[in-house]
Amino acid sequence: MIYRRVFGLPGWGVRSPFAELEQLRRQIGRMVDEFSGTPSLSGRAGVFPAVNVSENRENYYLRAELPGVVAADLDIQATGKTISVAGERKIAGADENTRYHRREREAGKFSRVISLPDDIDPDQVKANMTDGVLTVVVPKAEKTKPHQITVK
Amino acid sequence: MADTESKELKVRVKQELATPAEQTRSGLVFTPSVDIYETEKEIILMADMPGLKAKDLTIDLADNTLTLSGDIEPFESPDEEDLIIEYEVGKFYRQFTLSEVIDQSKIDANLSDGVLRLALPKVEKAKPRRIEVKAD
């Protein structure tokens, strides 16, 4: 589901009068999810990794939190309108002498395809892993970019 | 670990902290997922804190309570407009009570690729001592 918003992420400064309302809406949504016990899929595809997508005039930006995943274990492919992200998260296993007290982190494979609203330029896609966050910069195709028209 | 290799990762919603004790600024607070395991000499704590830079991480150990807290800087530039939001970004905060006596001077912390590895060496005190009973 794609829906447009006119403001940024919570706590980083209000960009529009509706920002706080939208933040509240998402908070209420999360509370409802918790009470009903069934995670709703509003804005969530239910496929790992969770992805945030944003855009400006030139590019789409895809971001995903992938702590502990190294760049070599990632496979990112771009075609006409879609970006696919696949990879594997590896967690070094401890030897037999260790005792686990807590085990919450998970390892495994993942793969996801994200469709973008418009055509992209697949040759110019750039991906970057910093501090466990994957950022994919996807330039929009030349024909879909907004063009400034001069009035004579 | 052969069994994990074929496993598909599933989305887990980031755990939001309900009542953070030290909340002074607005914004969301999440509890990072951790692994804790113990070897003969030390306790190892691994925590997933994506997006965290080493300078923004605070590790505090007082009275056997270990506190991890991290501030996340926004990665979005101001001209970006959100299209899909599947996860929220916010601070990390989690506290642990440590049962073993930890040598506070030798704690080693290492943050790479968004994963914190904390090595907490045990104090060399609890080595069992055998007491010989003499009989005359």
Side-chain angles (χ1 to χ4, degrees), chain A residues 1-12 15 26 30 33 39 43-57 60-61 63-70 88-89 91 93-95 97-110 114 117 129-133 135, chain B residues 1 4-16 25-28 31-40 43-54 56 72-91 96 99 111-117:
Chain A
M1 187 177 81
I2 289 174
Y3 58 98
R4 293 205 170 240
R5 302 191 319 162
V6 277
F7 38 76
L9 287 170
W12 299 337
R15 281 184 228 159
R26 293 211 305 257
R30 274 198 303 274
D33 290 355
R44 293 185 195 121
V47 181
F48 188 91
V51 172
N52 283 356
V53 183
S54 61
E55 66 166 347
N56 61 12
R57 279 171 72 94
Y60 292 110
Y61 298 89
R63 291 188 180 85
E65 292 186 335
L66 297 166
V69 177
V70 288
E88 186 175 355
R89 185 175 184 214
I91 291 177
D95 56 38
N97 296 327
T98 58
R99 281 193 295 137
Y100 268 93
H101 295 285
R102 227 168 243 272
R103 213 162 181 178
E104 298 168 357
R105 300 163 69 236
E106 287 177 303
K109 290 180 176 167
F110 56 88
I114 298 117
M129 273 299 273
T130 351
D131 302 321
V133 177
T135 305
Chain B
M1 296 205 289
T4 53
E5 267 170 35
S6 56
K7 203 174 101 185
E8 289 268 325
L9 274 172
K10 291 197 176 69
V11 163
R12 266 201 311 189
V13 180
K14 285 167 86 177
Q15 283 296 313
E16 205 180 329
R25 280 189 296 154
S26 67
L28 299 168
T31 53
S33 301
V34 297
D35 282 355
I36 301 173
Y37 55 89
E38 188 176 340
T39 64
E40 236 169 73
I43 294 172
I44 308 284
L45 189 150
M46 309 278 283
D48 286 345
M49 298 169 129
L52 189 65
K53 290 184 168 50
D56 299 323
I72 301 289
E73 287 172 17
F75 339 99
E76 286 200 348
S77 60
D79 66 331
E80 287 177 36
E81 201 176 297
D82 295 332
L83 296 175
I84 306 171
I85 299 291
E86 289 183 347
Y87 68 87
E88 307 273 0
V89 181
K91 280 184 280 189
F96 301 94
S99 53
L111 183 69
S112 68
D113 297 323
V115 179
L116 170 71
R117 185 184 191 275

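Numbered from 1 within each chain, the chains take letters A, B, ... in sequence-line order.
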So, taking the atom named OH in Tyr61(A) and the one named CG in Asp82(B), what distance separates them when rounded to the nearest 0.5 Å?
12.5 Å

Please report the shortest heavy-atom distance between Tyr87(B) and Asn52(A), naming the atom on each side.
O-ND2, 2.9 Å

Pick whichever of Pro49(A), Pro67(A), Gly68(A) has the most heavy-atom pairs under 4.5 Å with chain B.
Pro67(A)

side-chain contact (heavy atoms from CB on, under 4.5 Å) assessment of Asp35(B) paired with Arg102(A):
CA-CA 5 Å; Asp35(B) 282 355; Arg102(A) 227 168 243 272; over 6 Å; no

Exam field: side chain Glu80(B) to backbone Asn56(A), donor-acceptor pair closer than 3.5 Å:
no

Evaluate the side-chain proximity of Thr31(B) to Glu104(A): yes if any heavy-atom separation is below 4.5 Å, no if none is.
no

When rounded to the nearest 0.5 angstrom, what is the spacing between CZ in Arg103(A) and CE in Met46(B)?
11.0 Å

Asp131(A) CG to Ile72(B) CD1 distance, which is reported to the nearest 0.5 Å
8.5 Å

Is any side-chain heavy atom of Val115(B) closer than 4.5 Å to a side-chain heavy atom of Arg105(A)?
yes

If one checks every heavy atom of Arg57(A) against chain B at 4.5 Å, the contacting part turns out to be neither

Using a 3.5 Å distance criterion without hydrogens, assess whether the side chain of Glu38(B) forms a donor-acceptor pair with backbone atoms of Arg99(A).
no

Residues in side-chain contact (heavy atoms from CB on, under 4.5 Å) contact with Glu106(A), at least two apart in sequence or another chain
Lys7(B), Leu9(B), Arg12(B)

Shortest non-hydrogen contact from Pro50(B) to Gly132(A)?
CB-O, 3.8 Å

Run the side-chain contact (heavy atoms from CB on, under 4.5 Å) test against Asp113(B) and tell me which residues pass, sequence neighbours left out.
Val70(A)

